[in-house]
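Accompanying notes for the structure given below.
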Amino acid sequence: MKIVQTPLIIGNWKMNPQSVKMAEALFKDVQKGIARVRGVDVGIAPPAVYFSGLEKLAKGKRMMLVAQDVFWENLGARTGEISAPMLKSLGVSAVIIGHSERRALGESDEDVNKKILATLKTGLDAVVCVGEKKRDTHGDYLSLVEKQVRAALAGVSKAKLSHVVIAYEPIWAIGTGNTATSSDAHEMKLFIQRVISDIYGRSVLSRIRILYGGSVNAKNAEELCTKGEVDGFLVGGASLRASEFITIIKIASK
Ligand code: PGA
């Protein structure tokens, strides 16, 4: 059974651009470029310091605000952290959790799980990143992704699954220009679906979008959509160039 979902494209700006002015200009350019594009959900994940300015621009329009991280407690002595209710109060509707750049700073599968539970409890969507450092011929990378998915979803009820998105982001493809092939992406989508259906049953698969991320650009997006059959993209570098990001969104909308 082929399950067709509305594609989701999220631009992960990471620690860019350098000023609030530049962030607002980029946001406006993308918004303008996709004003008439239908059939695709679009999110922007800027540095959190830009949310309050962007919230005003996003209001009533179709671009959603996405956070790049969250902490699992709501309030308290946690210097530097931001909680899910705080993000919600700024108009944020989803959070990227477990990005490999955060895992590289020490975030564990358990931390990722706590962040997911806190995010879902607050009524935000969780965009959970999984992916291997390198590929091997024994299939160890599959076991690693399975472990990440199972750990991420521990304690997540079936009812909450429509608020979960999985982003498969092989680390070797992030920021390197080495995109996964459409068959790599497709194989991994099917594999992740199998892991999820093992836990929850096949019926839930229509509720979880599985994105691909890692050097997505205007040239490879089409094949990743059509042959890779992914449900959208998490786009890093290319999301900082408005016209390229708009092209990717348009490709996904078809
Ligand atoms: P990239 O980043 O598109 O620049 O490879 C993707 C990501 O890290 O989410």
Side-chain angles (χ1 to χ4, degrees), residues 7-18 22-23 26-27 29-30 34 40-48 50 63-70 92-107 111-112 115-116 119 125-135 141 144-145 148-149 152 164-182 184-185 188-189 192 209-225 228 230-252:
L8 169 64
I9 309 295
I10 297 174
N12 177 11
W13 287 359
K14 308 189 179 184
M15 199 170 68
N16 298 289
Q18 211 160 32
M22 288 160 82
L26 177 58
F27 192 87
D29 285 348
V30 175
I34 62 161
V40 58
D41 296 331
V42 181
I44 293 286
Y50 297 148
M63 257 159 50
M64 55 175 186
L65 293 178
V66 179
Q68 296 178 12
D69 189 24
V70 67
V92 168
S93 44
V95 186
I96 296 171
I97 299 171
H99 190 281
S100 58
E101 288 155 14
R102 301 227 51 90
R103 291 184 191 254
L105 292 172
E107 190 164 287
D111 296 339
V112 169
K115 290 179 177 192
I116 293 167
T119 296
D125 290 354
V127 180
V128 185
C129 299
V130 298
E132 76 281 3
K133 263 204 195 89
K134 56 179 196 290
R135 289 220 165 181
Y141 68 97
L144 179 120
V145 170
Q148 288 178 329
V149 172
V164 175
V165 172
I166 306 278
Y168 169 55
E169 295 211 304
I171 297 172
W172 48 268
I174 296 178
T176 59
N178 285 331
T179 323
T181 62
S182 54
D184 289 339
M188 192 55 91
K189 177 180 170 179
I192 292 171
R209 286 184 281 200
I210 299 178
L211 315 185
Y212 167 77
S215 296
V216 173
N217 59 39
K219 289 204 185 89
N220 57 33
E222 177 136 24
E223 188 170 327
L224 284 163
C225 278
V230 293
D231 304 313
F233 300 121
L234 189 50
V235 185
S239 72
L240 297 169
R241 298 183 287 275
S243 66
E244 182 159 15
F245 191 53
I246 292 163
T247 305
I248 295 169
I249 293 167
K250 286 182 178 166
I251 290 169

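Just follow the structure's listing: the first ligand is 1, and inside any ligand the first atom is 1.
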Under 3.5 Å side-chain donor-acceptor pair for Gln68 and Trp13: no
Ala180 backbone acceptor or donor facing Tyr212 side chain under 3.5 Å: yes
Point-to-point distance, once rounded to the nearest 0.5 Å, from CD1 of Ile171 to CD of Glu101: 9.5 Å
Exam field: side chain Arg103 to backbone Val130, donor-acceptor pair closer than 3.5 Å: no
Distance-only N or O hit between ligand 1 and Leu234, under 3.5 Å: no
Closest protein heavy atom to atom 7 (C) of ligand 1, given as residue, atom name and distance to 0.1 Å: Glu169 OE2, 3.2 Å
Protein residue, atom and distance nearest to atom 4 (O) of ligand 1, heavy-atom basis: Gly237 N, 2.8 Å
Nearest-neighbour protein heavy atom for atom 3 (O) of ligand 1, which is reported as residue plus atom name and distance: Gly236 N, 2.8 Å
Polar side-chain atom of Thr179 near backbone of Val216 as donor-acceptor pair, under 3.5 Å: no
Proximal atoms of ligand 1 relative to Gly214 (non-hydrogen, under 4.0 Å): 5 (O)
Derivation of the side chain to side chain contact (heavy atoms under 4.5 Å, CB included) call for Val40 and Ile34: CA-CA 10 Å; Val40 58; Ile34 62 161; over 6 Å; no
Heavy atom of Gly175, distance to ligand 1 below 4.0 Å: yes
Whether Thr181 side chain and Asp184 backbone form a donor-acceptor pair below 3.5 Å: yes
Distance filter under 4.0 Å to Asn12 heavy atoms, resulting ligand 1 atoms: 9 (O)
Numbered atoms of ligand 1 (with element) below 4.0 Å of Ala173, judged on heavy atoms: 5 (O)
Proximity to ligand 1 by part of Ile174, non-hydrogen separation under 4.0 Å: both
Sub-4.0 Å heavy-atom contact, Ser215 with ligand 1: yes
Residue His99 vicinity, atoms of ligand 1 by number, heavy atom under 4.0 Å: 7 (C), 8 (O), 9 (O)
Rounded distance [0.5 Å steps], CD1 in Ile248 versus CZ in Phe233: 7.5 Å
